[in-house]
Number of protein chains: 2
Amino acid sequence: MARLPLYLRALNGLAERGIATVSSEDLAVGAGVNSAKLRKDLSHLGSYGTRGVGYDVDYLIYQISRELGLTQDWAVAIVGVGNLGRALANYGGFVSRGFRVASLLDADAEVVGTGIAGLVVEHIDSLESVIRERAVSIVVIATPAAAAQEVCNRVTAAGITSILNFAPVVLTVPDGVDVRKVDLSIELQILAFHEQRKVTGGVDETAAAAADQWPGTVGMSERNQGASAPPRGGRT
Amino acid sequence: MARLPLYLRALNGLAERGIATVSSEDLAVGAGVNSAKLRKDLSHLGSYGTRGVGYDVDYLIYQISRELGLTQDWAVAIVGVGNLGRALANYGGFVSRGFRVASLLDADAEVVGTGIAGLVVEHIDSLESVIRERAVSIVVIATPAAAAQEVCNRVTAAGITSILNFAPVVLTVPDGVDVRKVDLSIELQILAFHEQRKVTGGVDETAAAAADQWPGTVGMSERNQGASAPPRGGRT
DNA sequence: TAGATTGTTAATCGATTAACAATC
DNA sequence: TAGATTGTTAATCGATTAACAATC
């Protein structure tokens with residue numbers, strides 16, 4: 001369940017403040033979700049609460065950590081040591097949560113051999129042997145878009161089934177491989193979309209004018225009518 | 001709609017390959033979604049397709065870009081110039097999509113005044129004046145967790161309503177403010193969760209043993225029974 | 001006209017949430 | 001016992017998708 005890390009973070013905050021017990025209502029507020037949803041999510045893990053009392057904070061932290069696999073040590077390889085790869089290598093949040101950066105790899109001879117975050121950058125040729133010998137189970141792809149699919153192919157061939165992809169491409173993977181995608185520009189695009197809605201109160205009123213500026217050639221006069229055509233409310 | 005950037009990327013790929021027209025079926029495959037969903041999403045924008053033919057690639061790119069506000073120039077300020085802030089400042093994907101980094105700000109006297117990605121890092125004291133004078137509409141928070149809420153308070157007070165947050169905290173914002181959150185360690189935690197499921201085939205069989213290792217004190221013998229209690233299938 | 005494909009309806013599915021019995 | 005809060009049911013809501021009439 002994708003919300004467990006959220007709950008875990010809220011619980012850790014409570015634990016730091018010395019709070020021993022929390023109700024679903026309070027924890028839900030802390031995590032920014034509905035309390036019924038929180039209880040339902042937690043009930044999937046087992047009956048770890050006490051009616052009339054709430055949840056024991058430390059115990060719940062332990063159970064969620066175990067469910068998320070954070071009581072294990074996960075070896076992570078980061079492929080692509082550009083700005084983003086460097087930031088990830090230095091990102092403190094990984095180590096504290098059971099993730100160990102086992103290797104940094106890059107294709108650029110300039111960066112191979114340099115030291116980053118206590119590791120020496122290795123050549124991408126070593127990818128398969130690194131995965132095998134250091135029991136890497138999660139690969140982070142922080143390469144340019146053009147290189148991402150090739151890296152993806154190699155790591156899945158090497159048996160990796162969990163990939164965190166920062167490259168702005170949709171990776172094609174065999175069945176059974178999990179890809180999670182972080183696209184910074186998509187996040188900004190979504191914000192810009194909402195920002196625009198706020199400013200203009202919707203884009204419809206400018207649609208006709210904007211469509212007029214369209215520099216296309218084929219059949220655009222007909223199509224422009226579609227752009228300002230009636231069957232549309234002013235909302236999404 | 002959060003899927004528009006996905007469609008846009010697929011369309012740009014088609015345009016690069018010189019493809020002029022695409023069916024909803026083909027585009028849906030490229031974007032990794034169901035074709036009915038794609039048609040429904042696009043119909044929200046207007047009737048830009050031609051029955052029996054498909055969609056004009058260039059025209060659809062233009063319409064989606066306009067809907068997303070990418071035909072405008074968005075001034076973005078990045079607060080926090082650690083590794084991540086640096087990576088973001090250098091991230092090429094922003095500029096090409098209408099986002100311009102108008103300012104880099106930090107509280108650390110060591111980095112203030114240094115040059116990154118063609119900009120000089122400014123002191124956080126200038127935050128409000130930078131937002132006002134450079135018409136910043138989106139703020140990226142890449143500070144440590146402890147500083148994020150304070151920065152958030154200041155930028156919302158300064159009128160910002162779109163925030164991209166990389167700090168691992170849930171920000172409290174006034175109504176009407178959009179916050180999008182990117183948490184790298186949460187993404188990894190979700191991957192680890194699935195990875196663990198693959199390896200163990202579910203966590204249930206180890207629940208009793210794991211619960212035994214729990215070092216808690218209060219009433220744990222009773223609660224452990226909850227941990228290995230019956231009413232649970234072996235799925236999510 | 002015949003084939004193809006959109007735009008949209010209606011059905012399905014899953015996720016969210018209110019409500020409450022169970023029970024601490 | 002009385003008050004509080006969980007775990008779970010049932011209702012609600014929204015999102016997804018199959019299907020097909022409209023139409024190029």
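Bear in mind that the values here come from a model prediction, so they are computed numbers and not experimental data. In what follows, every chain begins at residue 1, and chains take the letters A, B, ... in the order their sequences are listed.
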Whole Å only: how far is the OH atom of B:Y7 from the P atom of C:dT6? 13 Å
Taking side chain as C-beta onward, heavy atoms only, is B:L164 less than 4.5 Å from A:L188? yes
Just by protein heavy atoms under 4.0 Å, how would nucleotides 15-24 of chain C read 5' to 3' in B, S and -? -SBBB--BBB
Assess, by modelled atom type and distance only, whether the side chains of B:S137 and A:E195 contain a donor and an acceptor separated by less than 3.5 Å. no
Strictly by Watson-Crick or wobble contacts shorter than 3.5 Å, is anything paired with C:dA10, and which nucleotide is it? D:dT17
Verify whether the ring centers belonging to B:Y48 and B:Y59 lie closer than 6.0 Å. yes
Identify the nucleotide, in any strand shown, that forms a Watson-Crick or G-U wobble pair with C:dT23, with both distances under 3.5 Å; if there is none, say none. D:dA4
B:Y59 OH to C:dT6 P, in whole Å, measures 16 Å
Between B:A167 and B:K181, which heavy-atom pair has the shortest distance, and what is it? O-NZ, 3.1 Å
Are side-chain heavy atoms of A:I141 and A:I78 found at a separation under 4.5 Å? no
C:dA4 phosphate, OP1 or OP2, under 4.0 Å from B:Y55 side-chain N/O: no
Quick one: are A:I64 and A:L11 in side-chain contact, heavy atoms under 4.5 Å? yes
Does OP1 or OP2 of D:dT5 have a side-chain N or O of A:S23 closer than 4.0 Å? no
A:L42 CG to D:dT8 C1', straight-line distance once rounded to whole Å: 14 Å
B:D26 CG to C:dT5 P: how many Å, rounded? 8 Å
